[in-house]
Amino acid sequence: MDDSYTLFKGMADIKTIYSICGMCTVRCPIAVEVKDGTIRHIWGNPHLLGGYNLCARGAAGKAFEYDNERPQYPMLRDGKRGSGKWKRASWDEALDFVADKLNNVKDKYGTQSICLSDRGGPHTDFQKTFLAAIGSPNYFNHHATCSNSVHNAHISIAAYARNSVSYDYRNCKYLVLYGRNLLESLGTAESNNVMDMLEAGGRMTYIDVRYNYTASKASKFFVIRPASDYALNLALINVIINEDLYDHDFVDRWVTGLDELRQFVRPYTPQWAEKETEIKAGEIKKLAFEAAEASPAVILHPGWMTAWGSNDFYLRRTIYTLNALLGSYESKGGIVINKTPADTGVRLKSLVSQVPKPRGERFDGCGTRHKHLGAQWGLGQLLPQAIVSESPYPIRAYIAMRHDPIASMPDPEEFKRALGRLELLASIDVNYSETAWFSDCILPECTFLERTDHVIAQNGLKPRLLLRRQAVKPRFDTKPRWYIYKELAKRLGLGQFFPYESIEELIAWQLQDTGLTIADFDRTGYVELTKEPLWFDRKDALRFNTPSGRLEIISPTLEDSSIPSFIPFERPEVLTGNHFRLVTSKVAVHTQGRTTSNIAILNEIVSDNQLWINTDRAAELSIKDGDEVEITVDGFSGRIKARITDLIHRQAAFMLHGFGDSVPARSRSFGRGVSDVRLQKGLLKVSVGGNCPLTECVVSVRPIAEVSG
Ligand SMILES: Nc1nc2c(c(=O)[nH]1)N[C@H]1C(S)=C(S)[C@@H](COP(=O)(O)OP(=O)(O)OC[C@H]3O[C@@H](n4cnc5c(=O)[nH]c(N)nc54)[C@H](O)[C@@H]3O)O[C@H]1N2
Ligand SMILES: Nc1nc2c(c(=O)[nH]1)N[C@H]1C(S)=C(S)[C@@H](COP(=O)(O)OP(=O)(O)OC[C@H]3O[C@@H](n4cnc5c(=O)[nH]c(N)nc54)[C@H](O)[C@@H]3O)O[C@H]1N2
Ligand code: SF4
Ligand SMILES: [Mo]
């Protein structure tokens, strides 16, 4: 380990350990300064992030590490589910408990009766290997409430997942964001790149149903009627085709279906779209012209958290279509196809590739009943229904790892009712998540600062390898994932799939064919696999995985499953009286539901949520700024402070996601604010893109005076 570089120059007793942030799943490269075994500070890895800026949550990694309100040892339930009664267990006891239950379920109902979910991403090798070794196809992750519709939309056009491409913001001249709250729901490098782009003269058009931080930095901001972005895009496509603004060279070579698209968008003029979106026809036309003028250095961002409504799939398909028409794929300043280590001749080994792929129908029907929906993400929203109906077969054991469905999926009460029927619910977490609190057993993982994980690839123009490395010793009786799964597998007679004794040994095996060793990560925390950015030749060498090898705007694959490539726009219901469409979002200082809400220094900044209501609508209901109101959906209601503003569409009411914590062991966030997911009742549905339609949640809002009067 090279200790010569410290950010506090001259303080030789400070060690810098390069690693990967784990305060959210963006995985920023970090430099952890450690003195006498204690963290002094966490910076962005200066070799990769330029300046040393992490986001507030990343910088709060130290506060998280030294917080005691997290599970400190394995815990077994000692009362009713969710009662909060626990007994301490040794690791052997807890692992035996989980393994015995899994063995029982396997013997009684078959291997497919066991399922496992996690947060997805590259740090999934151990858990996927474990489930595959058991022989169950039932892996899923959080994407039903995150990116399913955009992943599946891109698959239908390019046969690539959402994250098979990235965005060359620094060279971009024109960026369009549809509710992609990029400067608040953030990743540090991405936000900095966009700010640099704006400083260099690039323009950003932001479209949302409400004002936010991203809107404040936009060159142009449109407040759109909720759920009408698809109408806007049909009109943009109409203008781009009819005004001959598209990139002929690119479209002729790489895009199929233009003629059908031209026919389809004929009725969708900017004048028509103005009535649907409330954005002026002239502005829509201008947007099309401005984007075309900047093309191909243009990005229309397809979104990240895209679980809005039933037809998001089509909205996301039109965004990709617009990028295709403007030729932004594989252009400087456009959408870039990610290059992988394999593109540089480097092959990392993985455990999961050594296990036979489990066969058999999945509980959620991905690949069978839902042929066009990717099984790599699954449909977690169908878990409760599958448990209760025992169809297509019984599900009796579930391991939730780094995933908190009770805090992140709509309708947690329905989730709990189903999970309550399981023979085993186990959580592997670093926090008392809502799901952990409801579990039979909590296997506490050591924090990202206390463990080394396997090597991961970061794909992009310059693919590289990164390593999360232990910076400090675990403070409590917690274990890393490589240990937990190895030990569970051993107890199930599957130890051969985890053939290592330490993480270092596993990493050496992973790197066996690469000519690299773990020491190659010491100096900077990563291994660059190419000096120059890798671009494919746009004339001849683009690679799309579709049957035609091109971007399929009209998709024969979809249409074979009787799913149209495009559908007519349907106007959402107009809500009147005290009804609003509930819209939610993240805040810059917190991660999702429960990851950071109880961390003291972040909780001090934002500890509560409020309900944004449009000024005119609030006046109709006699609600004043700061009033407490009651927000209700079908049997559930909460009390929340109203924030009255012109900067939200009249149809929408907005609150931050992730409040209303029900776990008393988290003293700072417990009981603060109202839970948005509890209001999202009845939304455990599968939309055409595989997402839950989260913003199809209609709430009633009343002043408290009226409630008590
Ligand atoms: N600080 C912080 N950063 C994060 C995360 C975090 O938890 N905290 N999470 C990360 C993850 S996992 C994700 S997926 C991303 C999510 O990042 P985003 O994709 O930006 O998602 P949200 O934060 O949910 O913001 C959604 C926005 O969509 C708007 N919206 C809702 N309905 C409509 C509509 O009909 N039309 C339009 N145009 N806009 C609409 C909402 O008002 C809101 O501003 O953020 C990532 N970054
Ligand atoms: N209403 C509404 N619902 C939403 C959203 C919204 O904006 N509004 N956002 C959606 C989005 S975009 C997403 S991505 C999902 C996210 O949903 P989740 O993936 O469930 O949420 P997270 O908070 O990211 O993480 C889940 C758990 O991972 C744990 N964890 C963190 N670090 C580690 C670790 O190192 N090891 C282990 N074992 N566990 C760890 C955390 O403590 C937490 O309990 O929620 C979605 N749900
Ligand atoms: S965006 Fe913030 S919390 Fe997420 S990985 Fe980066 S520094 Fe950590
Ligand atoms: Mo997400």
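Atoms within a ligand are numbered from 1 in the order they appear, just like the ligands themselves. None of the values given here were measured: they were computed from a predicted structure.
Every atom of ligand 1 is numbered from 1 in the order shown, and the set under 4.0 Å from a heavy atom of Pro226 is 35 (O). Proximity to Asp229 (heavy-atom distance under 4.0 Å) selects the following atoms of ligand 1: 34 (C), 35 (O), 36 (N), 37 (C), 38 (N). Of all the atoms in ligand 1, the ones that sit under 4.0 Å from a non-hydrogen atom of Val583 are 31 (C), 41 (C), 42 (O). Heavy-atom proximity to Glu184, at under 4.0 Å, picks out these atoms of ligand 1: 1 (N), 2 (C), 3 (N). Ligand-side atoms of ligand 1 in range of Val587: 1 (N), 2 (C), 8 (N), range being under 4.0 angstrom from any heavy atom. Atoms of ligand 1 lying under 4.0 Å from any heavy atom of Cys146, numbered from 1 in the order shown and given with element: 14 (S). Counting the atoms of ligand 1 from 1 in the order shown, those under 4.0 Å from a heavy atom of Thr591 are 6 (C), 7 (O), 8 (N). Taking every heavy atom of Arg119 and a limit of under 4.0 angstrom, the matching atoms of ligand 1 come to 12 (S).
Distance from atom 8 (N) of ligand 2 to its nearest protein heavy atom, with residue and atom name: Thr584 OG1, 2.9 Å. Among all protein heavy atoms, the one lying closest to atom 45 (O) of ligand 1 is Ser185 CB, 3.3 Å. For atom 23 (O) of ligand 2, the closest non-hydrogen atom of the protein is Thr595 OG1, 2.6 Å. Atom 39 (N) of ligand 1 has Trp308 CH2, 3.3 Å as its closest protein atom, hydrogens excluded (heavy atom only). Distance from atom 10 (C) of ligand 2 to its nearest protein heavy atom, with residue and atom name: Thr145 O, 3.0 Å. Protein heavy atom nearest atom 2 (C) of ligand 2, with residue, atom name and distance: His657 ND1, 3.2 Å. If you check which protein heavy atom lies closest to atom 21 (O) of ligand 1, you get Met305 CB, 3.4 Å. Of the protein's non-hydrogen atoms, Val430 CG1, 3.6 Å is the one closest to atom 34 (C) of ligand 2. Ranking the protein heavy atoms by distance from atom 3 (N) of ligand 1 puts Leu186 N, 2.8 Å first. Taking atom 27 (C) of ligand 1 as the reference point, the nearest protein heavy-atom neighbour is Gly179 O, 3.1 Å. For atom 35 (O) of ligand 2, the closest non-hydrogen atom of the protein is Arg451 NH1, 3.0 Å. With respect to atom 7 (O) of ligand 2, the closest heavy atom belonging to the protein is Lys586 NZ, 3.0 Å. Protein heavy atom nearest atom 38 (N) of ligand 2, with residue, atom name and distance: Glu445 OE1, 2.9 Å.
For Ser228, no nitrogen or oxygen atom sits less than 3.5 Å from a nitrogen or oxygen atom of ligand 1, counting backbone and side chain alike. Polar contact with ligand 2: present for Asp429 (N/O pair, distance under 3.5 Å). Annotation: His142 places no N or O atom under 3.5 Å from an N or O atom of ligand 2; distance criterion only. Of the polar atoms of Cys446, none of the N or O atoms is found under 3.5 Å from an N or O of ligand 2, judged by distance alone.
By the 30° and 60° cut-offs, the orientation of the rings of Tyr206 relative to Phe221 is parallel.
Under 4.0 angstrom from ligand 1, the non-hydrogen atoms of Ala588 all belong to its backbone. Residue contacts with ligand 2 for Arg402 involve both N, CA, C or O and side-chain atoms from C-beta outward (heavy atoms, distance under 4.0 Å). Here Asp404 has heavy atoms under 4.0 Å from ligand 2 in both its backbone and its side chain.
The side-chain contact (heavy atoms from CB on, under 4.5 Å) test with Thr478 is passed by exactly one of Gln72, Glu450, Glu445: Glu450. No option in Arg180, Met305, His657 other than Arg180 meets the side-chain contact (heavy atoms from CB on, under 4.5 Å) test with Ser185.
Phe126 does not carry Arg481 over the face of its six-membered ring by the limits of under 6.0 Å from the centre and within 45° of the normal. In this structure, Arg617 forms a cation-pi arrangement with Phe580, its terminal cationic atom sitting closer than 6.0 Å to the ring centre and no more than 45° off the ring axis. Remark: Arg451 fails to qualify as a cation-pi partner of Trp482 under the 6.0 Å distance and 45° angle criteria applied to the six-membered ring. Relative to the six-membered ring of Phe438, Lys416 meets both conditions, a distance below 6.0 Å and an angle of at most 45° to the axis. Taking the centre and axis of the six-membered ring of Phe448, the NZ or CZ atom of Arg468 falls outside the cone set by 45° and 6.0 Å.
Ion pairing between Asp440 and Arg77 holds under the 4.0 Å rule for side-chain N and carboxylate O. Note on Glu65 versus Arg475: no salt bridge recorded, every NZ/NE/NH1/NH2 to OD/OE distance being 4.0 Å or above.
Closest heavy-atom approach to atom 30 (N) of ligand 1 among the candidates Val223, Asp208, Val150: Asp208. Distances from atom 18 (P) of ligand 1 to the heavy atoms of Arg180, Arg225, Arg210 show the closest one on Arg180. Remark: among candidates His590, Met23, Gln592, the nearest residue to atom 12 (S) of ligand 1 is Gln592, based on non-hydrogen atoms.
Counting only N and O atoms by type, the side chains of Glu278 and His649 include a donor and acceptor under 3.5 Å apart. In this structure, a donor-acceptor pair under 3.5 Å is absent between the side chains of Asn598 and Tyr432.
Between the Glu190 side chain and the Leu182 main chain, no donor and acceptor come within less than 3.5 Å of each other.
Aromatic pair Tyr230/Tyr268: centroids not less than 6.0 angstrom apart.
For Gly303, the closest heavy-atom approach to ligand 1 does not fall below 4.0 Å. For Asn212, the closest heavy-atom approach to ligand 1 falls below 4.0 Å. Within the structure, the closest approach of Cys24 to ligand 1 does not fall below 4.0 Å when heavy atoms are considered. At least one heavy atom of Arg481 lies less than 4.0 angstrom from ligand 2.
Contact annotation: the side chain of Leu175 approaches that of Met197 to within less than 4.5 Å [non-hydrogen atoms, C-beta and beyond]. The shortest side-chain heavy-atom distance between Asn68 and Phe476 falls under the 4.5 Å cut-off. No side-chain heavy atom of Arg672 sits under 4.5 Å from any side-chain heavy atom of Asp661.
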